[in-house]
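The structure under discussion appears below in the form of structure tokens.
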Number of protein chains: 2
Amino acid sequence: MGEELLKNHGLKVTSARLAVLSVLSSSPIPLTAEAIYESTKKEGLNLSTVYRTLNSFEEANIVKKEIGHNKESIFSLEREEDSHVLVCTKCHKTVKLEGCPYHEVNEAIENETGFVLEDHNTAIYGICPDCQKKK
Amino acid sequence: MGEELLKNHGLKVTSARLAVLSVLSSSPIPLTAEAIYESTKKEGLNLSTVYRTLNSFEEANIVKKEIGHNKESIFSLEREEDSHVLVCTKCHKTVKLEGCPYHEVNEAIENETGFVLEDHNTAIYGICPDCQKKK
DNA sequence: AATGCAAGTGCAAATCATTTGCAACAAGAA
DNA sequence: TTCTTGTTGCAAATGATTTGCACTTGCATT
């Protein structure tokens, strides 16, 4: 399944890329390079290969790279609809949001200032109701 | 002038802290630890002292720490009004915004989901009108 | 003003995420 | 199959930030 995708984006089909792609496509939330590396242990990928793969994917617009809660990069497949996820910084539970909550606001800023805003993150961090109780 | 501030927050008054404070208070935009270090060259501070100072300041809620455009931490004084800055990623020109553009949206998300959102960044990145023309 | 102790500091070394140089290797065009 | 070029592994480099340790300083207490 990943083969098509890779070819369409002008990338050679390799087992490393297929492995990374498969991990990403089965994850509902953005992952760190490290996490992807762990999930591909069976394929025996090298961590730097994972990084290089993710970077090619990003250039090819197959994945989106954002900055995670602790400054590490996190990667997720570029999906059609821009869905956003709330992530609890305590328990890592996640909740999907419909659409992009910041879309209108950003558009307004662009119109008022003439700036073109950088693509924003799809992961929004906070503390979930359960973890608030556990306080 | 910084002495009061430090004491009020239960921090010892040291020359390092006063120096960092003075650099921060005369900057309209958030700075990296490196930049602060450079600006305090005359005082001969050690870079790790700058980091430690900034971290104490953050714990004491004197400064706000955010993630800059290239993943480095950037620090700014915690000012009363939450003013936001647009920063051009090409020329680094900055534009102040009035108030917090994301306030209502975030509140809505909190109400809908029960999450308490993490404090968000005051630096918003994009490309300014001039740099767009220079394309 | 002298003293004592906890907190602050400099320095060098450690750490963490990420990148890079280089040699070996595999994908896909010819 | 062969050739060219992109891809990978490995180990070492990098850059931002942190930390261990010995020394110094702020400041509360004599």
Side-chain angles (χ1 to χ4, degrees), chain A residues 2-23 30-60 62-76 121 123, chain B residues 2-23 30-60 62-76 121 123:
Chain A
E3 303 206 6
E4 291 304 307
L5 183 57
L6 291 173
K7 286 180 185 162
N8 290 344
H9 289 264
L11 293 175
K12 284 188 181 170
V13 178
T14 71
S15 54
R17 287 174 179 171
L18 291 174
V20 171
L21 218 41
S22 133
V23 171
L31 299 175
T32 60
E34 188 68 32
I36 296 170
Y37 170 65
E38 292 299 336
S39 301
T40 55
K41 265 288 171 53
K42 31 203 148 178
E43 282 89 351
L45 296 196
N46 187 285
L47 181 54
S48 37
T49 301
V50 173
Y51 274 108
R52 282 193 275 227
T53 301
L54 289 169
N55 286 337
S56 328
F57 283 5
E58 197 204 359
E59 278 175 40
I62 295 178
V63 309
K64 180 184 178 69
K65 176 182 186 174
E66 335 176 25
I67 297 176
H69 185 248
N70 271 336
K71 294 244 291 258
E72 1 71 280
S73 296
I74 54 179
F75 304 83
S76 57
N121 287 356
Chain B
E3 303 205 6
E4 289 305 307
L5 184 56
L6 291 173
K7 286 181 186 163
N8 289 345
H9 289 264
L11 293 175
K12 284 188 181 170
V13 178
T14 71
S15 55
R17 288 176 177 169
L18 290 174
V20 171
L21 219 41
S22 131
V23 171
L31 300 174
T32 61
E34 188 68 33
I36 296 170
Y37 170 64
E38 292 300 334
S39 301
T40 55
K41 266 288 170 53
K42 33 203 148 175
E43 281 89 351
L45 296 197
N46 187 284
L47 182 54
S48 37
T49 300
V50 173
Y51 274 108
R52 282 193 274 226
T53 300
L54 289 169
N55 286 338
S56 328
F57 282 5
E58 198 205 359
E59 277 175 43
I62 295 179
V63 309
K64 181 184 177 66
K65 175 184 188 172
E66 335 177 26
I67 297 177
H69 185 247
N70 272 335
K71 295 245 290 260
E72 359 72 277
S73 296
I74 53 179
F75 304 83
S76 57
N121 288 356

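Just so we're on the same page: letters track the sequence lines, and every chain starts at 1.
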[X] [atom1] to [N] [atom2]: how many Å, rounded?
X	N	atom1	atom2	answer
B/H69	D/dA16	NE2	P	15 Å
A/E59	D/dT7	CD	P	10 Å
A/F57	D/dT8	CZ	C1'	14 Å
B/L45	C/dC11	CG	C1'	14 Å
A/E43	D/dG9	CD	C1'	16 Å

Item to check | Under 4.0 Å protein heavy-atom contact, by nucleotide of nucleotides 17-27 of chain D - B base, S sugar-phosphate only | outcome: BBBB-----BS
Checklist entry - Of the nucleotides D/dT8, C/dT9, D/dC10, which has the atom closest to the A/N46 side chain? => result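 Among D/dT8, C/dT9, D/dC10, the one nearest the side chain of A/N46 is D/dC10.
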Next on the checklist: Checking contacts here: which listed nucleotide (C/dG8, C/dT9, D/dT8) is nearest the side-chain heavy atoms of B/R17?
Outcome noted: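 Nearest to the side-chain atoms of B/R17, counting from C-beta on, is C/dG8.
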Next on the checklist: Please check: side-chain N/O of B/N46 versus main-chain N/O of B/S48, any donor-acceptor pairing under 3.5 Å?
Outcome noted: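 Pair found, side chain donor or acceptor close to backbone of B/S48.
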Next on the checklist: With a 3.5 Å distance limit and no angle check, can you tell me whether A/T40 reaches the backbone of A/E43 through a side-chain donor-acceptor pair?
Outcome noted: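 Side chain of A/T40 to backbone of A/E43, a donor-acceptor pair under 3.5 Å: no, none is there.
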Next on the checklist: Using side-chain contact (heavy atoms from CB on, under 4.5 Å), reason through B/V20 and B/L45 one step at a time and then give a plain yes or no.
Outcome noted: CA-CA 9 Å; B/V20 171; B/L45 296 197; 4.1 Å; yes
Next on the checklist: Using every non-hydrogen atom in the two residues, find where B/A33 and B/L47 come nearest and quote the distance to one decimal.
Outcome noted: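 That would be O-CD1, 4.2 Å.
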Next on the checklist: Considering every strand and a 4.0 Å limit on heavy-atom distances, what is the contact class for A/G44: base, sugar-phosphate, or nothing?
Outcome noted: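 Sugar-phosphate contact only.
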Item to check | N-O pairing of B/K41 and B/E38 below 4.0 Å | outcome: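 Between B/E38 and B/K41 there is a salt bridge, with a charged N closer than 4.0 Å to a carboxylate O.
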Checklist entry - Would A/F57 and A/R17 count as a side-chain contact (heavy atoms from CB on, under 4.5 Å) if you check the C-alpha gap in whole Å, the side-chain angles of each, and the deciding distance to 0.1 Å? => result CA-CA 9 Å; A/F57 283 5; A/R17 287 174 179 171; 3.9 Å; yes
